[in-house]
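Throughout, numbering of the chain's residues begins at 1 and tracks the sequence. Side chains are part of it too, since the values below use all heavy atoms of this structure and drop only hydrogens, waters and symmetry mates. Keep in mind that what you see is a predicted model, and the values were worked out from it rather than measured.
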Amino acid sequence: MSKSSVRAPAEWEPHARCLMSWPCQKHDLWEGERFKPAQEEYAAVARAIAQFELVLMVADPGSGEDAKRQCGDSVEVVEFPIDDSWMRDNGPIFVLEDGKKVVGRNFRFNAWGEKFYSWDKDDALPPILCDYLKVECRPVDMILEGGSILTDGQDTLITTRQCLLHPSRNPDMSQSEIEAKLKESLGVRKIIWLPWGLDWGTDGHVDCVVSYLAPGKVLAQTAPPGTQEDKWLKKNLAVLESATDAEGRKLQVLKTPPIMPEIPRPAQDGDDELVAFPYANLYHANGGAVVPLAGVPESDEQVMASVRKIITDRKVVGVPIPTVHWGGGGIHCITQQMPAAPS
């Protein structure tokens, strides 16, 4: 198959900026005592990334001054209507056309299968944001969250069957039709399908179980032996370790330590449950890697030591995000990179 004129850049390629959304209280995710810690963690992530590249924080109208106060002068804040604060999932997904032109892809967004709240403002955000950023925005007639896919910059995409084939997303599309749409809109040639993500809220996003580190090289989440998460993640590992990418390379699979810090997450029946903390859910910045931490020193120190041995070409920093984890994600989930246009 010939290569497309469209390419989804790898996350470690140069960025123009990082995009985020400021937490707001339009539904009950951050209700009560969790709202202030959520804001503090988002601000801490924004400041950490701002050490390496520009950060643009989108705040709901009326909350911009609060975002500026908490994020500081290193973060740009702009007010646009939003419903929630998971920029990875409802923000534009950027590609390069003809090797040089940055273009936003506007996939449809339905709040993770119409699970949680009204989502019309989040669904409408990509063209508004692209207009502000002065890049074209082109619609894609398919429901897709950015956290459900990972690309390597060389035409390979990794996703999960649990999410992309879930009936709440695109029930009228077959797997082959979904593959065709991804190849057309993102320029990929090879799609690797993992069976599982980790959480019910997103129906198993891939970015909570894997991170691309380089072409042909991935970091895979693991969990303590004997847990349900361990059973799921071992099935993912089996697929990754037998897979080849678009260039025919066998993947090199590195692993997080098998740790499950004692941090609860909401279960589908409404009770809190313990799930593996998504240490693989990191953000690649210009010259840096920002790693989510559980706020549990023993676990965090072990993971940071491991990641620093794996990522040696950039500065690795960690940010504790136990509240973001409670809400269903990690640092990758609340960020979206905008690639720099090649000179």
Side-chain angles (χ1 to χ4, degrees), residues 8-24 38-39 41-61 63-64 67-68 70-96 101-109 119 121-138 140 144-151 186 205 207 211 281-290 292 319 321 324 327 329-341:
E11 295 182 22
W12 54 85
E13 293 183 44
H15 299 171
R17 59 181 49 80
C18 171
L19 310 178
M20 298 180 66
S21 294
W22 188 240
C24 51
Q39 289 185 320
E41 290 176 17
Y42 275 68
V45 170
R47 291 193 301 269
I49 295 173
Q51 299 175 60
F52 305 103
E53 63 192 43
L54 298 174
V55 176
L56 177 65
M57 182 72 73
V58 177
D60 199 51
S63 63
K68 288 179 183 178
Q70 296 197 52
C71 292
D73 294 338
S74 63
V75 175
E76 179 186 0
V77 177
V78 63
E79 291 190 352
F80 293 128
I82 55 176
D83 295 299
D84 204 351
S85 49
W86 304 91
M87 181 64 81
R88 178 67 54 177
D89 291 346
N90 73 288
I93 297 173
F94 295 100
V95 298
L96 294 176
K101 183 179 180 181
V102 178
V103 175
R105 290 286 188 260
N106 179 19
F107 288 87
R108 291 158 50 208
F109 177 73
W119 57 87
K121 295 180 179 63
D122 280 352
D123 186 39
L125 181 63
I128 296 171
L129 199 46
C130 285
D131 183 65
Y132 179 80
L133 296 168
K134 296 181 171 53
V135 300
E136 287 188 39
C137 187
R138 296 185 183 150
V140 181
L144 181 84
E145 302 100 44
S148 67
I149 59 171
L150 296 169
T151 55
L186 300 178
H205 275 187
D207 66 352
S211 176
N281 191 272
L282 57 85
Y283 180 82
H284 295 279
N286 291 337
V290 184
V319 180
I321 56 158
V324 174
I331 289 176
H332 191 265
C333 301
I334 64 175
T335 56
Q336 177 63 275
Q337 72 281 349
M338 176 184 174

| query | Ile93 versus Leu144: any side-chain heavy-atom pair under 4.5 Å? | reply | yes
| Can you check whether Gln70 reaches Trp22 side chain to side chain, under 4.5 Å on heavy atoms? | yes
| query | Which value, rounded to the nearest 0.5 Å, describes the distance between Met20 atom CE and Cys71 atom SG? | reply | 7.0 Å
| query | How many angstroms lie between atom CZ of Arg17 and atom CD of Gln337, to the nearest 0.5 angstrom? | reply | 13.0 Å
| query | Shortest non-hydrogen contact from Val319 to Ala48? | reply | CG2-CB, 3.7 Å
| Sidechain-backbone polar pair: Tyr283 side chain, Val45 backbone, donor-acceptor under 3.5 Å | no
| remark: In this structure, OG of Ser211 is separated from CG of Leu282 (nearest 0.5 Å) by 4.0 Å
| Does the pair Gln51 and Val290 meet the rule for a side-chain contact (heavy atoms from CB on, under 4.5 Å), with working shown? | CA-CA 10 Å; Gln51 299 175 60; Val290 184; over 6 Å; no
| Short question: side chain of Asn286, backbone of Pro14 - any donor-acceptor pair under 3.5 Å? | no
| query | Just wondering, do Glu53 and Cys18 contact through their side chains at under 4.5 Å, heavy atoms? | reply | yes
| query | Taking all non-hydrogen atoms of both residues, which atom of Ala8 and which atom of Val95 are closest, and how far apart? | reply | CA-CG1, 4.3 Å
| Are the side chain of Asp123 and the backbone N or O of Phe109 linked by a donor-acceptor pair below 3.5 Å? | yes
| So, Thr335 side chain and Ile331 main chain: donor-acceptor pair closer than 3.5 Å or not? | yes
| note | Here the gap from Arg138 atom CZ to Asn106 atom CG, rounded to the nearest 0.5 Å, amounts to 12.5 Å
| request: Kindly determine whether Leu133 and Leu56 satisfy side-chain contact (heavy atoms from CB on, under 4.5 Å), including the steps that lead there. | output: CA-CA 10 Å; Leu133 296 168; Leu56 177 65; 4.0 Å; yes
| Between NZ of Lys121 and OG of Ser21, what distance do you get to the nearest 0.5 Å? | 13.5 Å
| request: Quick one: do Val55 and Arg47 satisfy side-chain contact (heavy atoms from CB on, under 4.5 Å)? Show the steps, please. | output: CA-CA 8 Å; Val55 176; Arg47 291 193 301 269; over 6 Å; no
| Taking the side chain from Glu11 and the backbone from His284, do they hold a donor-acceptor pair closer than 3.5 Å? | no
| request: Rounded to the nearest 0.5 Å, what's the gap from CD1 on Ile334 to OH on Tyr42? Could you check? | output: 5.0 Å
| field | Val58/Leu19 under side-chain contact (heavy atoms from CB on, under 4.5 Å): CA gap, chis, key distance, verdict | value | CA-CA 8 Å; Val58 177; Leu19 310 178; over 6 Å; no
| For Asp207, all residues meeting side chain to side chain contact (heavy atoms under 4.5 Å, CB included), sequence neighbours excluded | Arg88, Leu150, His205, Asn281, His332, Cys333
| Sidechain-backbone polar pair: Asp122 side chain, Asp83 backbone, donor-acceptor under 3.5 Å | yes
| task | Determine whether Lys101 and Glu136 make a side-chain contact, defined as any pair of heavy atoms from C-beta on separated by less than 4.5 Å. | result | yes
| task | Mind checking salt bridge (charged side-chain N to carboxylate O under 4.0 Å, His left out) for Arg105 and listing every partner two or more places apart, or none if nothing turns up? | result | Glu97
| note | Correct closest heavy-atom pair for Val102 and Pro339 would be CG2-O, 3.7 Å
| task | For the pair Glu41 (side chain) and Val324 (backbone), establish whether a donor and an acceptor sit closer than 3.5 Å, ignoring hydrogens and angles. | result | yes
| request: For the residue pair Asp89 and Asp84, establish whether any side-chain heavy-atom pair is separated by less than 4.5 Å. | output: no
| query | So which heavy atom on Cys130 is nearest to which on Pro92, and how close? | reply | SG-CB, 3.9 Å
| request: Over all heavy atoms of both residues, which pair between Thr151 and Pro9 is shortest? Give the atoms and the distance, please. | output: OG1-O, 3.7 Å
